[in-house]
Each structure stands twice: as structure tokens, then as C-alpha cells.
Chemist: 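Here it is, the structure, as C-alpha cells.
Chain letters run A, B, ... following the sequence lines, proteins first, then strands; residues in each count from 1.
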Amino acid sequence: MGPVSRIPVSRILGYRLFQALLVAVTVGLLTFVMVRSLPGDMAYRIAAGRYGYDMVSSDAANAVRAELGLGGGGAAALALWFLDLFRLDFGESVISGRPVLEEIRHQLGHTVGLSVAAILLSVLLGPPLGIAAGLRPGGALDRGLLVAASMLRALPHFVVGLILIMLVSAGLGILPAAGHGGTENLVLPALTLALGLGAVSARVARDAMVQVAASPYYAFGRVKGLSEARVFLRHGLRNVSVPVVTYLGVQFVGLIEGVVVVESLFAWPGIGHALVHAIFSRDVPVIQGTALVMGMMFVLLNAAVDLACLWLDPRKQAS
Amino acid sequence: MIASTIPGPAPSPAPVPMRTRIPRQRLIGVAILSGVVAFAVLTPILWPADPARQSLRHALVAPGWSEPLGTDHLGRSMLARLSAALRLSLSLALLSVATAAVPGVVLGILAAWKGGLVDRSLSLLGDVFMALPGLLLVLMLAAIAPNAPWALYVGISLVLWIEYFRLTRATTRTLIASPAVQASRLLGMGPAYIVRRHLWPEIAPMILTVGAFGAAGAIMAIAALGFVSVGVRPPTPELGLMMVELLPYYEEAPFAILQPIVAIFLLVLGLNLVAGRDRI
């Protein structure tokens with residue numbers, strides 16, 4: 001475990017707050033450059049998106065230009081841009097004309113639901129298998145798990161999803177391949193994400209379990225005459241869960257990235273799906289809103305992991 | 001997935017043991033990778049065909065003597081397309097990794113060596129690029145310059161350099177405080193000597209591991225972007241793009257969609273094995 005470093009809660013929260021600020025600045029700058037560097041006359045493009053290609057005229061384009069304030073100079077525009085950003089005023093989607101914030105609120109629920117299902121499923125799949133493998137290193141389960149985890153890690157999320165669709169939906173015909181509605185629509189996208197997450201957390205749990213099982217305190221628990229189950233619950237579980245939870249934080253990068261792709265694949269009406277569509281149609285207000293929310297989600301999840309680690313491993317807490 | 005950015009407190013790098021023989025895992029990885037690279041490079045020489053040439057009368061032909069890997073829904077040669085897609089992914093990934101490694105290592109050494117303000121501002125720069133998940137950054141750059149492979153290349157490099165920076169910085173910090181480097185400095189040895197004799201032997205094996213994981217991440221990111229239609233545009237053959245294009249025909253021609261899937265699997269598996277120890 002290395003030397004014990006004491007990290008107070010305020011420092012963790014301070015760093016994550018700072019990170020959140022960086023997310024806002026990065027997203028703001030990137031989207032600003034995006035708006036400025038859009039090839040062609042954006043007003044025409046937006047007008048086409050709104051009224052259809054047949055209805056575009058210079059009058060319509062001018063109306064759009066005036067409405068969205070597409071004229072104007074650099075520095076002032078940047079200042080206004082950030083002012084709007086920090087007031088959470090993303091404006092309206094240039095395609096649908098609806099307020100971005102309202103659309104995001106709707107989509108965020110779907111994305112959070114999918115992510116929570118994926119994390120829960122991965123926690124049910126990964127660590128228990130990893131711990132079972134780590135209790136008997138070199139056994140059949142351990143070797144099988146290593147092969148399975150290596151293979152899963154060599155497949156991007158969308159390929160896992162594709163294979164699941166082909167095998168389960170089309171092959172067996174039991175679950176819908178895409179769409180949104182009932183629980184049956186949630187299973188495949190959540191499983192896709194969970195398999196990727198679980199492959200890593202199984203390996204982390206396995207290595208941690210091997211380490212813990214070889215430690216003097218674990219041996220002492222056995223010598224004391226505790227049963228296998230008791231020594232595991234009392235001395236194993238908590239020590240194994242620290243690296244597993246820490247690694248969950250690292251995996252959130254993969255989760256957020258996975259959400260973008262998996263939602264698109266399964267036509268899940270969440271933020272990732274919206275982001276990809278917005279990038280495809282250059283709907284900058286939506287890009288800005290969705291990227292910002294996803295970045296904030298990432299920071300928030302990491303802060304939660306930091307606090308969970310502190311709670312699990314009291315040695316890190318400041319006295 | 002570009003999961004090369006590890007947030008939170010920097011994990012101290014595990015000391016890489018000096019091995020006299022190459023582990024078996026790594027050898028298997030090298031063998032797989034060599035096979036894939038040989039396929040990608042040799043195919044246009046041994047079987048020259050235009051990956052964009054359509055022939056609708058010969059759509060979705062099963063593998064045979066005239067077309068060793070069959071044809072896709074537009075009657076294009078899968079052999080030519082697959083090898084072209086692999087060449088694109090491999091060269092973009094290699095280029096991004098190389099571009100990320102040089103500034104990453106140099107800035108990492110610089111930050112650890114100078115300390116103080118230099119260290120803090122460089123670490124801040126790293127934090128800026130780590131604040132957003134890598135794929136989001138690449139996606140947004142792809143939106144700024146649609147249909148331009150350089151945006152993918154720049155985006156992926158910007159995500160990958162941080163890992164080099166963090167590991168080099170952490171390694172250099174511990175090494176600089178070590179008695180060996182202190183002795184060298186007392187003897188009046190210059191920075192070039194210290195980097196060459198003390199730092200480089202420790203950093204070099206790390207570069208291979210980080211580079212292999214980085215290349216794997218880059219290849220998966222390129223394919224993911226192609227898959228959601230914001231990366232490379234058709235008709236350029238690209239692994240992710242080929243999968244979307246062939247998905248509607250998988251019942252008539254399962255062999256066709258399986259090819260890009262197997263290709264990306266072997267590529268990433270090979271790179272992961274070459275990287276050696278788990279990234280854990």
C-alpha cells in the first residue's frame with residue numbers, strides 16, 4: 001500500500017471543484033472555436049436544418065443570423081460566450097429550436113439510468129468472479145478469467161454491443177436490438193457497458209485478493225481459528241474493495257466514453273446520443289450543453305470515488 | 001476507448017524489473033501484431049486492388065478464389081478494404097503515439113527537474129487535458145474540423161501525451177533524489193549525462209508499455225468515431241465505418257462484418273499483450 005498519505009476531505013473537494021472549472025473553460029473554448037471555424041455560412045446551414053433545404057433563402061438566413069447573433073467581433077463574443085456559459089444559458093438547439101437545458105434534463109435521466117444499471121451489473125459480475133479467482137490463483141477459474149478479461153479488453157464497447165445484438169437479439173430473438181421503453185430495452189446496452197467495466201474490475205479484485213490472502217494479517221486471522229468465510233468478511237472484503245473502488249474512478253473515463261458510443265448503437269435517447277447527433281449536424285449549443293454535462297458527470301463521479309476511498313480506508317483520513 | 005488518462009492522485013509507477021528473457025505473453029503479442037502488420041502491408045503488393053472500386057453485380061460475394069475475403073454490399077474487394085483500413089488505423093495510431101511520447105517525456109523530465117513554477121504550470125496543463133474524458137475531447141476536435149484526419153490525430157495525441165508526462169515526471173522525481181544522481185551531480189556531470197545514464201534506462205521500458213496501450217486506445221477511438229459517423233468519412237475504408245456499413249447485411253454475409261471485428265480484436269489484443277503487465 002506504500003506510505004500512508006493523509007488527504008483531508010477539503011483538499012479532495014477543492015481539487016475536483018477546480019477540475020470542474022477546467023471542464024467548463026475547456027468546453028467553452030472548444031465550442032467557441034467550433035462556432036467561429038464552421039465552414040460555410042452557418043446561418044444558411046441552420047436555416048436549412050430548420051425550414052428544410054427547399055425553403056432556404058437569404059431572407060431566412062439573415063433572420064437566423066440576426067436571431068442567433070452570428071455577426072460581431074472576437075473578444076467581445078468570447079466574453080459573452082462565457083457569460084452565457086456560466087449562467088447555464090446554453091440557448092436553444094439550432095435544429096429543434098427547443099431550449100438545450102430542457103432537452104438535457106430529459107436526456108440526463110436516461111443516461112444516468114443506463115450508467116447506474118451498467119455499474120451495478122458490473123459490480124455484480126466483476127469483483128465476485130475476481131475474488132473467487134484470487135482465492136485460488138492459478139486455478140481453472142483464474143486462468144479462464146484471465147483469458148476472458150483479456151479478450152473483452154481487446155474489444156471496443158461498440159463491438160461488444162454489436163456482437164450482443166447479433167447473438168442475442170437477432171440470433172436468439174429474445175431482446176430488442178435497439179430502442180427505448182421497457183426494461184427489456186435496457187438489458188443489452190447496460191450489459192455491453194458492464195462487460196467492459198467488469199473485465200477490468202475482475203482483474204483488479206483478483207490481484208488485490210491474491211495480495212490480501214498472502215498478507216500476514218490474513219494468515220493470522222486463519223491461525224486464530226476463524227473460518228474461511230469469517231476471515232474473508234472481516235479482513236478480506238474491505239481491503240480488496242479499496243483498489244476496486246479506486247479503479248472504478250479510472251473506469252469512469254471508459255464509462256463516459258462508452259455511453260457516447262453505446263447510446264448511439266442502441267438508439268438510447270441519452271446525452272451521448274444527443275452529443276453525437278449534435279456533432280453530426282453541428283448544433284453547437286447542444287454540443288456545448290451535452291459536453292459540459294458529461295464532463296461534470298465525470299468530475300462528480302470521481303469526487304464520489306475519492307470520498308468512498310477515504311471512507312473505506314480510514315488510514316488516509318486526516319486525524 | 002482512450003482510457004489512458006488516470007485521474008486522481010498519481011499512482012507511483014511500479015519498478016520495472018530487468019528481465020533477461022522476454023516474457024511469453026509479449027512474444028505472443030509481437031507474433032499477432034507482426035501477422036496483422038504483414039497482412040496490411042503485403043496485401044497491396046501481392047494482390048493489388050482498388051478499395052473504392054464498386055461492382056454492384058458482385059455484391060456480397062462469399063470468399064473464393066477470385067476474392068479471397070469476399071466483397072461488401074457495393075461489390076468492393078474486402079481484402080483491399082480491410083488492408084487499407086488496417087494501414088490507416090496503424091499509421092494514425094503510430095503517428096499519434098510518437099507525437100505524444102516526445103513532448104510527454106521531455107516535459108515530464110523538465111517538470112520534475114525544475115520543480116517550482118515550471119512543475120506547477122506543466123501539471124496544470126496536464127490537468128486541463130485530463131478534465132474531459134479523452135473521447136469527448138477528440139469528438140469536439142472532430143466537430144471543429146469535420147472530415148479531416150488531422151483533427152483525429154491532433155485530438156488523440158493531445159489525450160495521449162499526459163500519460164507519458166505523468167509517468168516520466170513521477171519516475172524522474174524519485175530518481176533525481178536518489179544517491180546515484182546526487183553523486184553524478186556532485187561529480188559535475190551535466191544534465192545530458194544524467195538523462196542518458198540515470199533517467200533513460202528507467203524511462204525507456206515504460207515508454208513501450210505506455211505506447212502500446214496508447215496505440216490500442218487510439219485504434220479503438222478511431223474505430224468508435226468511425227462507427228458513430230463522426231470520424232473518417234466514407235468511402236475511405238476504416239474499421240469502425242466498415243462495421244456500420246456491413247451491419248445491415250450481416251445475415252446474408254456474416255463473413256463480411258466479422259472481418260473488421262476480428263481485425264480490430266487481433267490488433268488491440270496484440271498491442272495489449274506487447275504492453276506486458278496489466279495497466280493495473
Chemist: Taking the side chain from A:E257 and the backbone from B:G134, do they hold a donor-acceptor pair closer than 3.5 Å?
Modeler: yes
Chemist: Closest heavy-atom contact between B:L132 and A:A291?
Modeler: CD2-O, 4.3 Å
Chemist: Which value, rounded to the nearest 0.5 Å, describes the distance between B:L135 atom CG and A:I256 atom CD1?
Modeler: 11.0 Å
Chemist: Around B:R173, counting heavy atoms of other residues, nucleotides and ligands shown, do more than 12 lie under 6.0 Å from its CZ?
Modeler: no
Chemist: Can you tell me which portion of B:I257 sits under 4.5 Å from chain A's heavy atoms? Options are side chain, backbone, both or neither.
Modeler: side chain
Chemist: What part of B:L141 gets closer than 4.5 Å to chain A, counting heavy atoms only: side chain, backbone, both or neither?
Modeler: side chain
Chemist: Evaluate the side chain to side chain contact (heavy atoms under 4.5 Å, CB included) criterion for residues B:V228 and A:E263: first the C-alpha distance (whole Å), next the side-chain angles of each, then the deciding distance (0.1 Å), finally the verdict.
Modeler: CA-CA 10 Å; B:V228 295; A:E263 282 185 354; over 6 Å; no
Chemist: Looking at every non-hydrogen atom in both residues, tell me the closest pair between A:R153 and B:M220 and how far apart they are.
Modeler: O-CE, 3.9 Å
Chemist: Checking heavy atoms, do the side chain of A:V159, its backbone, both or neither come under 4.5 Å from chain B?
Modeler: side chain
Chemist: Enter the distance from B:L137:CG to A:T26:OG1 here, rounded to the nearest 0.5 Å.
Modeler: 7.5 Å
Chemist: Among the options A:L275, A:V299, A:I163, A:L162, pick out the one with the most heavy-atom pairs lying under 4.5 Å from chain B.
Modeler: A:L162
Chemist: A:M151 versus chain B, heavy atoms under 4.5 Å apart: side chain, backbone, both or neither?
Modeler: both
Chemist: Which bit of A:V27 comes within less than 4.5 Å of chain B, counting heavy atoms only: side chain, backbone, both or neither?
Modeler: both
Chemist: Identify the two heavy atoms, one from A:Q19 and one from B:M130, that lie closest to each other, and give their separation to 0.1 Å.
Modeler: NE2-O, 4.0 Å
Chemist: Quick one: what part of A:F18 sits under 4.5 Å from any heavy atom of chain B, side chain, backbone, both or neither?
Modeler: side chain
Chemist: Determine whether A:L265 and B:F227 satisfy the following criterion, side chain to side chain contact (heavy atoms under 4.5 Å, CB included), listing intermediate values before the conclusion.
Modeler: CA-CA 9 Å; A:L265 172 61; B:F227 187 75; 3.5 Å; yes
Chemist: What distance separates B:L247 CG from A:F158 CZ, expressed to the nearest 0.5 Å?
Modeler: 11.5 Å
Chemist: Contact part of A:L30 toward chain B, heavy-atom cut-off under 4.5 Å: side chain, backbone, both or neither?
Modeler: both
Chemist: Write down the atom of B:L269, the atom of A:S150, and the distance for their closest heavy-atom approach.
Modeler: CD1-O, 3.9 Å
Chemist: Are B:L136 and A:F298 packed together at the side-chain level, in the sense that at least one heavy-atom pair is separated by less than 4.5 angstrom?
Modeler: no
Chemist: Give the C-alpha distance, both sets of side-chain angles, the deciding distance and a yes or no for side chain to side chain contact (heavy atoms under 4.5 Å, CB included) between A:L155 and B:V268.
Modeler: CA-CA 7 Å; A:L155 289 171; B:V268 176; over 6 Å; no
